[in-house]
Amino acid sequence: MTENNENVVTETEKKDSDVLLEVIDLCKSFPIEKNLLGKVQKELVAVDKVSFKLKAGETLGIVGESGCGKTTMGRTILKLHEPTGGQIIFNGEDITKYSKGQMRHLRTDMQIIFQDPYSSLPPRATVGDILSEPVKVHGIVPPEEVKSYVMDLMEKCGLRDYYYERYPHEFSGGQRQRICIARALSVKPKLVVCDEPVSALDVSIQAQIINLLKELQRSMNLTYLFISHDLSVVKFISDKVGVMYLGAMMEYGDKKDIFDNPLHPYTKALFSAIPNPNPDVKMNRIVLSGDIPSPTNPPSGCRFHTRCPHATEKCKQCVPEYKEYESGHFAACHMLDEE
C-alpha cells in the first residue's frame with residue numbers, strides 16, 4: 001500500500017514538474033481617478049482572475065476581441081506590469097512579488113516579441129548592435145564569441161550575414177520581425193510571449209514568420225504564449241487555447257476540444273466568424289448584438305450577459321464559476337450547469 005502511494009506521489013510530482021508557467025487568479029487594474037488624498041476612486045480592470053497552466057514546449061494561444069486584456073495579461077506575466085492580485089509561478093518559483101532586481105536573473109528565461117516591428121527596434125543601432133547587446137549584458141557567451149554567436153542566430157532566423165551592419169529602416173516589415181524574434185531568442189529564453197507578432201504583416205509573410213516560430217520552437221524547445229486576433233493562425237500554431245472577454249477567461253482547453261466542441265456562447269460566436277474557403281458551404285454566423293461594455297464599469301454577474309443570446313436573470317446577477325467541464329476543458333457559463 002505504501003509503495004502504491006509513493007508511486008502516485010511521484011507521478012503527480014512529475015506531472016507538475018512539466019508545468020513551466022502557472023497563473024492563478026491573476027488580476028491587473030489601472031487607477032484612472034483618485035481623490036485629493038490619493039485614494040483610488042475609479043479603476044480600469046484589464047485582467048480579472050485569469051488562471052491557466054502551460055507546460056514546457058507547448059504553445060498557448062490567447063484570443064479575444066480588441067481591449068479584452070490579452071496584451072496586458074502577457075505583460076503582467078512578464079512583470080512589465082505589476083500584478084494587483086493572484087499568483088505567477090514560473091518554473092516552480094512564485095515570482096508575483098519579485099522586485100526588479102530579483103527579476104533580473106529571470107529576464108533571460110522570459111522574453112517578448114512585440115506586435116509592431118517598426119517601433120520596437122532602436123533606429124540608430126545596427127542589427128549587430130541590437131542582437132549583441134543583450135548577449136553581452138547577460139553574459140550568454142564569452143566576449144570573443146559574441147559576434148559568431150549572433151551570426152549563427154541570424155542564420156537560424158533567416159537573416160543574411162551582411163545584415164549585421166545595417167539599420168532597421170533598411171528592412172521590410174517581415175525582415176524587421178525576424179530581427180525582433182532573433183533579439184528575443186538571443187538570451188536563450190524558456191518562455192516567449194508573442195504579442196500579435198504577425199498582425200502588422202502581409203498574409204504571405206505571416207505564413208513565413210509562423211513557420212519560423214514553429215521551427216525555432218522545435219529546435220530550441222521554446223514555450224510560447226501566443227496572443228492573436230487571427231483564429232486560423234491560433235489553430236495552426238497552438239496546443240492549447242484560451243478565450244478572453246473583458247479581462248476574464250471565458251474558456252480554456254486543448255486546441256482540439258476548443259475548436260471541435262466550444263462550450264461558451266462567446267467562443268461559438270467567435271468561431272462562427274472564421275471564413276470558410278469553400279463557397280458552397282453556408283456559414284452559420286452568430287452575430288452578437290450591442291457593444292463591449294467598458295472595463296471601467298463592467299456589468300454585474302456574467303460579463304458577457306449584455307451580448308449573450310442565452311442570458312437569463314441568473315446571468316445578470318451571479319458571476320459564473322470558472323470550472324472544468326471535461327478533462328482539461330474549462331469554461332465559465334451558467335448555461336453549462338443547467339445542461
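We count residues from 1, following the sequence as given.
Side-chain atoms of Thr59 and Gln217 form a donor-acceptor pair, as typed in the model, at a separation below 3.5 Å. Side-chain contact check for Asp202 and Ser204: no donor-acceptor pair (N or O, by modelled atom type) lies under 3.5 Å. The closest side-chain donor-acceptor pair between Ser294 and Asn297, if any, does not fall under 3.5 angstrom. Side-chain polar atoms of Ser132 and Asp129 form no donor-acceptor pair below 3.5 angstrom.
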Stepwise salt bridge (Lys or Arg N to Asp or Glu O under 4.0 Å) check, Arg307 with Glu65:
CA-CA 13 Å; Arg307 303 173 72 197; Glu65 294 169 288; 3.1 Å; yes

Intermediate values then yes/no, side chain to side chain contact (heavy atoms under 4.5 Å, CB included), Met244 and Val63
CA-CA 6 Å; Met244 288 186 69; Val63 298; over 6 Å; no

Evaluation steps, side chain to side chain contact (heavy atoms under 4.5 Å, CB included), between Glu22 and Ile24:
CA-CA 6 Å; Glu22 182 174 5; Ile24 305 171; 3.7 Å; yes

Show your working on side chain to side chain contact (heavy atoms under 4.5 Å, CB included) between Met249 and Val243 and close with a plain yes or no.
CA-CA 6 Å; Met249 189 74 82; Val243 182; 5.6 Å; no

Criterion salt bridge (Lys or Arg N to Asp or Glu O under 4.0 Å) on Asp109 and Lys188, from CA distance to verdict
CA-CA 7 Å; Asp109 291 335; Lys188 299 181 179 178; over 6 Å; no

Step by step, work out the salt bridge (Lys or Arg N to Asp or Glu O under 4.0 Å) result for Asp18 and Lys55.
CA-CA 5 Å; Asp18 293 338; Lys55 292 182 180 180; 5.0 Å; no

Between Tyr252 and Ile258, is a side chain to side chain contact (heavy atoms under 4.5 Å, CB included) present by the stated rule, with each step listed?
CA-CA 7 Å; Tyr252 166 84; Ile258 295 285; 5.7 Å; no

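Between Arg183 and Ser120 the shortest side-chain heavy-atom distance falls below 4.5 Å. Looking at Val19 and Leu54, their side chains never come closer than 4.5 Å, going by heavy atoms from C-beta outward. Using a 4.5 Å heavy-atom threshold, the side chains of Leu21 and Ile77 count as touching. Taking 4.5 Å as the limit, some side-chain heavy atom of Arg178 sits within range of a side-chain heavy atom of Gln208. No side-chain heavy atom of Val47 sits under 4.5 Å from any side-chain heavy atom of Cys27. His105 places a side-chain heavy atom less than 4.5 Å from the side chain of Tyr98. Two residues are said to be in side-chain contact when any heavy atoms from C-beta on lie closer than 4.5 Å; Asp230 and Val198 fail this criterion. Contact check for Glu196 versus Lys70: side-chain heavy atoms found under the 4.5 Å cut-off.
A single hydrophobic cluster is not seen to contain both Val50 and Ile89; linkage of ILVMFWY side chains at heavy-atom distances under 4.5 Å, directly or through other members, places them apart. Under the 4.5 Å side-chain heavy-atom criterion for grouping Ile, Leu, Val, Met, Phe, Trp and Tyr, Tyr245 is not connected to Val45 through any hydrophobic cluster. There is a path of hydrophobic side-chain contacts, each under 4.5 Å, that joins Val193 to Leu80. Follow the hydrophobic side-chain contacts under 4.5 Å out from Ile237 and you reach Ile205 in the same cluster. Both Leu78 and Phe52 are members of a single hydrophobic cluster when ILVMFWY side chains are connected at heavy-atom separations under 4.5 Å.
When all heavy atoms of Gly57 and Thr223 are compared, the pair lying nearest together is N-OG1, 2.8 Å. In terms of heavy atoms, Val192 sits closest to Pro189 at CG2-CG, 3.8 Å. Scanning all heavy atoms of the two residues, the minimum distance from Cys157 to Ile181 falls at SG-CG2, 4.3 Å. Ala311 and His305 make their closest contact through CB-O, 3.5 Å (heavy atoms, listed as atom of the first residue, atom of the second, distance). Taking all atoms of both residues into account, the shortest heavy-atom contact from Val40 to Pro31 is CG2-CB, 3.7 Å. Between Ile32 and Thr296 the shortest heavy-atom distance is CD1-CG2, 3.4 Å.
Tested against Ser199, the residues Gln115, His229, Gln206 include a single side-chain hydrogen bond (donor to acceptor under 3.5 Å, both in side chains) partner, Gln115. Here the options are Glu251, Glu324, Lys256, the test is side-chain hydrogen bond (donor to acceptor under 3.5 Å, both in side chains), and the partner is His329; only Glu251 passes.
Rounded to the nearest 0.5 angstrom, Cys333 SG and Tyr325 OH are separated by 7.0 Å. Interatomic distance, Met110 CE to Leu20 CG, rounded to the nearest 0.5 Å: 8.5 Å. Considering SG of Cys302 and CG of Leu246, their distance stands at 10.0 Å, rounded to 0.5 Å. For the atom pair Leu106 CG and Thr108 OG1, the distance stands at 7.0 Å (nearest 0.5 Å). The CG atom of Leu231 sits 6.0 Å away from atom CZ of Phe271, with the distance rounded to the nearest 0.5 Å. In this structure, Gln177 CD and Ile209 CD1 are separated by 6.5 Å, a value rounded to the nearest 0.5 Å.
Taking the six-membered ring where tryptophan is involved, the planes of Tyr266 and His264 are perpendicular, since the angle between them exceeds 60° and thus also 30°.
The main-chain N or O of Pro142 is never found under 3.5 Å from a side-chain atom of Glu145 such that the two would form a donor-acceptor pair. Using modelled atom types, one side-chain atom of Thr84 and one backbone atom of Ser29 make a donor-acceptor pair closer than 3.5 Å. When atom types are taken as modelled, the side chain of Asp152 and the backbone of Ser148 share no donor-acceptor pair closer than 3.5 angstrom. Without hydrogens or angle criteria, Ser99 side chain to Gln102 main chain gives a donor-acceptor distance under 3.5 Å. Under the 3.5 Å distance criterion, the side-chain polar atoms of His334 are matched with a main-chain donor or acceptor of Cys318.
More than 12 heavy atoms of other residues, nucleotides or ligands shown are found within 6.0 angstrom of CZ on Arg218. The environment of NZ in Lys34 is sparse: at most 12 heavy-atom neighbours from other residues, nucleotides or ligands sit within 6.0 Å. Few gaps surround NZ on Lys214; more than 12 heavy atoms of other groups in view lie less than 6.0 Å from it. Counting non-hydrogen atoms of other residues, nucleotides and ligands closer than 6.0 Å to CD of Glu155 gives a total of 12 or fewer.
Annotation for Val137: hydrophobic cluster partners, listed by chain and number, are none (ILVMFWY side-chain heavy atoms under 4.5 Å, direct or chained). Under the 4.5 angstrom side-chain criterion for Ile, Leu, Val, Met, Phe, Trp and Tyr, the cluster partners of Tyr149 are Leu121, Val127, Ile130, Leu131, Val135, Ile140, Val141, Val146, Val150, Met151, Met154, Leu159, Tyr162, Tyr163, Tyr164, Phe171, Ile179, Val187.
Taking 4.0 Å as the cut-off between side-chain N and carboxylate O, Glu133 and Lys136 do not count as a salt-bridged pair. Ion pairing of Lys49 with Asp25 is absent here, as no side-chain N (NZ or NE/NH1/NH2) approaches a carboxylate O to less than 4.0 Å.
For the pair Lys28 and Phe30, the cation-pi criterion (under 6.0 Å, within 45° of the ring axis) is fulfilled. A cation-pi arrangement is not found for Lys255 relative to Phe236, the charged atom failing to lie both closer than 6.0 Å to the ring centre and inside a 45° cone about the ring normal.
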